[in-house]
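In what follows, a single structure is set out as structure tokens and then discussed.
Residue numbering restarts at 1 for every chain, and letters A, B, ... go by the order of the sequence lines. Every heavy atom of this structure was used, including side-chain atoms; hydrogens, water molecules and symmetry mates were not.
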Amino acid sequence: MDIYLLEAVINGLLLGGVLALLALGLNLIFGVIDVVWIAYADLVMCGMYAVYWLHVAGWPLWAASLAAIAGVAVLGVLVHVLIIAPVLRAPPINQLLATGGLLFFLQSFTTLLFGTDFRNIGVRLPIIEMGDIFISFARLLAFGFALVGAVALYVFLKRTYLGVAIRAISQDREIMGLMGVDQRRIYLVTSLIGGALAGLGGCLLVLQYDVHPFLGNTFGPLIFMICVLGGLGNMIGGFVASFIISQIISIGGYYYSTEWAYVLAFTLFIVLMFIRPRGILAR
Amino acid sequence: MLSVSGLTKRFGGFLAVNQVSFEVREGEILGLIGPNGSGKSTTFNLIAGALRPTAGSIRFKGGEIGGLSAHRICRNGIARTFQIPRPFRKLSLIENVTLAAYFGNGSSDRVEARRHAEEALALVGLPADPHTMTDGLGAAALKKLELARALATRPTLLLADESLGGLDASEMERAADLLESIRTRMRITIIWVEHIMGVLMRVVDRVIVLDHGEKIFEGLPRDAAHDPRVTEVYLGQRRT
């Protein structure tokens, strides 16, 4: 196998880990609350800014990351309370417009605060050399933490009663109340977890990309496409779709260019929506 | 135990429940019957908190519960089953029931919740192993699961919605016996909505008949069979 192609495949795999983490967060929120947070990637951008500014202020990277995760988790709760909860029973188009409004608000507000400069955290992590293959340690680190985040979410959903309730509420909302489950509490916990995953995603991406107010425009459509491709609300489907899309982007980028790879990925997405509109794993 | 007074529910221009009043005594099994669209399920939904009353009062153990959210009513000790079972298909049997045991009583004790869930499953005769899923369960087993889930919340009042629907004759008798034993062994008061009159009339202490959202009869089962309004509702208007 071409050594550069192998490198592209490995890079695609590593990118897929982070995308999978973000897709899990968005799918969790959609599956439980039944509202698509169009602005999810912009929460990731907020997390990146939080790590960046705290690190610039002298915080160690780990402390800045923990604070960013906690901050974006709280932001997730605020988004639910202030924007989602009031439109919970509204038609889907109203919900979409409300979260779309949030997207523009976050982009405008961060532009107002920080300008449109591309900011780099300046943490230089080594490049690992394996034979003739070079792998970025930052990507490897991001992949590892993304997997840890995904496994932690799996254990929480599988092993705790709150997690079981979160899985159950996506199957039948009405009956949960009649079993004594406070739906509002489940929604708040879900928003908190979804926010925390976006925060973790921000911590991992800030090691690889410059942060700017419009970063969500790159990752937002990608995460949304992955979730739809996997079947909205289907976490396993989203996980699988993340790696398919990341490989298309990475291998497509190797053979042609990154721009062409994105065109290819979105074309495939449109085609698959005709063939499997409910997602690649839909029965 | 439960006092319903002037209960009314309006959906736009349609009056689903109109000024219905009745009392439920501790330890009894009360039958709530009536033809389709008579307001039985709406009355259940109002008591359980799935719907908010347009007017009227629902008092349970002395406190007003009308308009409270469903989870608070459940934690107050009222559980309900559904005519068409609604299990969580992606969860195992024990997870279905433990969820109700954990949240339904507000105790949040994992070990206790698991024990209550196992007891509820044993009572209805379903396995409590963690690998049995709801797929492939027959109508009778799904009804049992529905009942186990309600019992796991440790209610003092059970709203049983058509527990006999979809069962064969012998399963119906066993289901009715189960409801009777729940009343005697667990001291749970029951309001039972049912269409299968023969079995219901054998088990209930009193019966209330609804028609077009209004109460038209309240009394002993044997008297209901001879009441002209009830006969008219079930058999059609008599020709003179």
Checklist entry - Just wondering, are more than 12 heavy atoms of other shown residues or ligands nearer than 6.0 Å to CZ in B/F60? => result yes
Checklist entry - What do you reckon, is NZ of B/K61 surrounded by more than 12 foreign heavy atoms closer than 6.0 Å? => result yes
Checklist entry - Distance from A/L178 atom CG to B/R149 atom CZ, nearest 0.5 Å? => result 9.5 Å
Item to check | A/F145 CZ: over 12 foreign heavy atoms closer than 6.0 Å | outcome: no
Checklist entry - Once you round to the nearest 0.5 Å, how far does CG of A/L162 lie from OH of B/Y102? => result 7.0 Å
Item to check | NZ or CZ of A/R167 within 45° of B/F88 ring axis and under 6.0 Å | outcome: no
Next on the checklist: Looking at A/I236, I want to see if its CD1 is surrounded by more than 12 non-hydrogen atoms of other residues, nucleotides or ligands under 6.0 Å.
Outcome noted: no
Item to check | Main-chain N/O of B/R89 paired to A/Q171 side chain as donor or acceptor, under 3.5 Å | outcome: yes
Item to check | Heavy-atom neighbours of A/Y154 OH exceed 12 at 6.0 Å | outcome: no
Checklist entry - chain A: which of B/T98, B/T153, B/I78 shares the most heavy-atom pairs with it under 4.5 Å? => result B/T98
Next on the checklist: A quick test of your reading: do over 12 heavy atoms of other residues, nucleotides or ligands sit less than 6.0 Å from CG of A/L78?
Outcome noted: yes
Checklist outcome for this item: To the nearest 0.5 Å, atom CZ of A/R184 lies from atom OG of B/S69 at 6.0 Å
Checklist entry - Can you say whether B/R86 sits under 4.5 Å from chain A via the side chain, the backbone, both, or neither, judging by heavy atoms? => result both
Next on the checklist: Heavy-atom count check: over 12 atoms from other residues, nucleotides or ligands less than 6.0 Å from B/E64 CD?
Outcome noted: yes
Next on the checklist: Looking at every heavy atom in both A/T160 and B/R110, which two are closest together, and how far apart are they?
Outcome noted: CA-NH1, 3.9 Å
Item to check | B/H71 vs A/V181, side-chain contact (heavy atoms from CB on, under 4.5 Å): CA-CA, chis, key distance, verdict | outcome: CA-CA 5 Å; B/H71 77 274; A/V181 179; 5.7 Å; no
Checklist entry - Heavy-atom distance under 4.5 Å to chain A: side chain of B/A79, backbone, both or neither? => result neither
Checklist entry - How far apart are the closest heavy atoms of B/N96 and A/M179, and which atoms are they? => result O-CE, 3.6 Å
Checklist entry - Is it the case that more than 12 heavy atoms not belonging to B/R52 sit under 6.0 Å from its CZ atom? => result no
Checklist entry - Atom CG of B/L99 and atom CD1 of A/I169: how far apart are they, to the nearest 0.5 Å? => result 9.5 Å
Checklist entry - Closest approach of A/G177 and B/C74, non-hydrogen atoms and distance? => result O-CB, 4.0 Å
Checklist outcome for this item: Between A/Y161 and B/F103 the two heavy atoms that sit nearest each other are O-CE1, 3.6 Å
